[in-house]
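Read through the structure below, which is laid out as structure tokens, and then see the notes.
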2 protein chains.
Amino acid sequence: MYICSMYSKELLKGTLQTIILQLLSEHGKMYGYEITQKVKSLSDGELLLTEGALYPSLHKMEAKGLLTTEKVALGKRVRKYYHLTPAGEAAAVQKVSEFSAFVESMRKILSLDENPGLEPC
Amino acid sequence: MYICSMYSKELLKGTLQTIILQLLSEHGKMYGYEITQKVKSLSDGELLLTEGALYPSLHKMEAKGLLTTEKVALGKRVRKYYHLTPAGEAAAVQKVSEFSAFVESMRKILSLDENPGLEPC
DNA sequence: GTAAATACATAACTTTCTTATGTATATTTG
DNA sequence: CAAATATACATAAGAAAGTTATGTATTTAC
């Protein structure tokens, strides 16, 4: 499959936790690989989470008490499901709100209101 | 003046060059301090560029051939105006386009279409 | 049975920003 | 007029959050 990934991944910085928290908020519980696939499909292949970013981020949020885990056996493999703690739910709302405010500010700065964007490649 | 800065600055990562390029694209030429003030006023005090981020970024873009400089004396001080090269103009269009695409992807992932956002503080 | 997909994990490195510091002139305010 | 604030540039140490590379192992598809 050809992937039209036109933008550098730098923009993802600072939004990874927001994505994880919001997806868990919507879907109840998910495992790591599932999150990568969900982001890929929801964004039509535009945003691809790397495992090197995802797993450390999940571990960090677990350490901070935003997530809890549940291990489920699949044959001989183990799948690790994550779900939000109450603190995690609060963080999800907070992070999404922050992102919205940030985009609104950027819209003002970049005069982006009626910008139609470029053609997809 | 009280500043309602509710969100962490992490989100700014990856967007600083986009902001600089787009502002220069709109205003022809600007100097560093002017850029910080413009961002502050356009965002109603929400986004505050630090000098430690701004100046190195300007120098880097100049080194990459996206900007050129012109020094102007003000009494005993020197003001350094930056303006876009042709490559810088192209980069401005590209970067803003990337940002729009990124926001569109995030909108899909976060199910943000009809999210009204939280009350301002 | 080989390749690709699924599923986790960590380590070295890079980039980008924050925080702190430094220098200096101009303006405002008490 | 003295002091505080604003204007105007710059750099360096450190933190944070990614990328890239690598490793292990099972399951599915051709």
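Proteins get letters first, then strands, A, B, ... in listed order; numbering begins at 1 in each.
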Round to a whole Å and report the spacing from CG of B/L58 to P of D/dA10.
8 Å
How close or far is atom P of D/dA13 from atom OH of B/Y55, stated in whole angstroms?
21 Å
side-chain contact (heavy atoms from CB on, under 4.5 Å) test vs B/L23 passes for just one of B/I20, B/I19, B/L21, namely B/I19
Would you please confirm or rule out a distance under 4.0 Å between OP1 or OP2 of C/dC8 and any side-chain N or O of A/H59?
no
Kindly point out which of D/dA8, C/dT18, D/dG18 is positioned nearest to the side chain of B/R79?
D/dA8
Value in whole Å for how far the P atom of C/dT6 lies from CD of A/E34:
12 Å
Spacing between A/K76 atom NZ and C/dT6 atom P, to the nearest angstrom
21 Å
Are A/V72 and A/Y31 co-members of a hydrophobic cluster defined by side-chain heavy atoms under 4.5 Å apart?
yes
Separation of D/dA17 C1' from A/K60 NZ (nearest whole Å)
7 Å
Would you say a side-chain N or O of A/Y33 is under 4.0 Å from OP1 or OP2 of C/dC8?
no
Could you state the NZ-C1' distance from A/K71 to C/dC8, rounded to the nearest angstrom?
10 Å
Using every non-hydrogen atom in the two residues, find where A/L112 and B/S100 come nearest and quote the distance to one decimal.
CD2-OG, 3.8 Å
Considering every strand and a 4.0 Å limit on heavy-atom distances, what is the contact class for B/R77: base, sugar-phosphate, or nothing?
base
What residue among B/E62, B/K29, B/M61 forms side-chain contact (heavy atoms from CB on, under 4.5 Å) with B/Y82?
B/E62
Whole-Å gap separating C1' (C/dA7) and OH (A/Y82):
11 Å
Reckon A/G52 touches a base, only the sugar-phosphate, or nothing at all at heavy-atom distances under 4.0 Å?
base
Is A/T85 reaching over with its side chain to a backbone N or O of A/L66, donor-acceptor style, under 3.5 angstrom?
yes
Could you work out which one of D/dC9, D/dT19, C/dT6 sits closest to the side chain of A/Q37?
C/dT6
Check the phosphate of C/dA7 against A/Y31, side-chain N and O only, distance under 4.0 Å to OP1 or OP2. Yes or no?
yes
Between C/dC8 atom C1' and A/L74 atom CG, what is the distance in whole Å?
12 Å
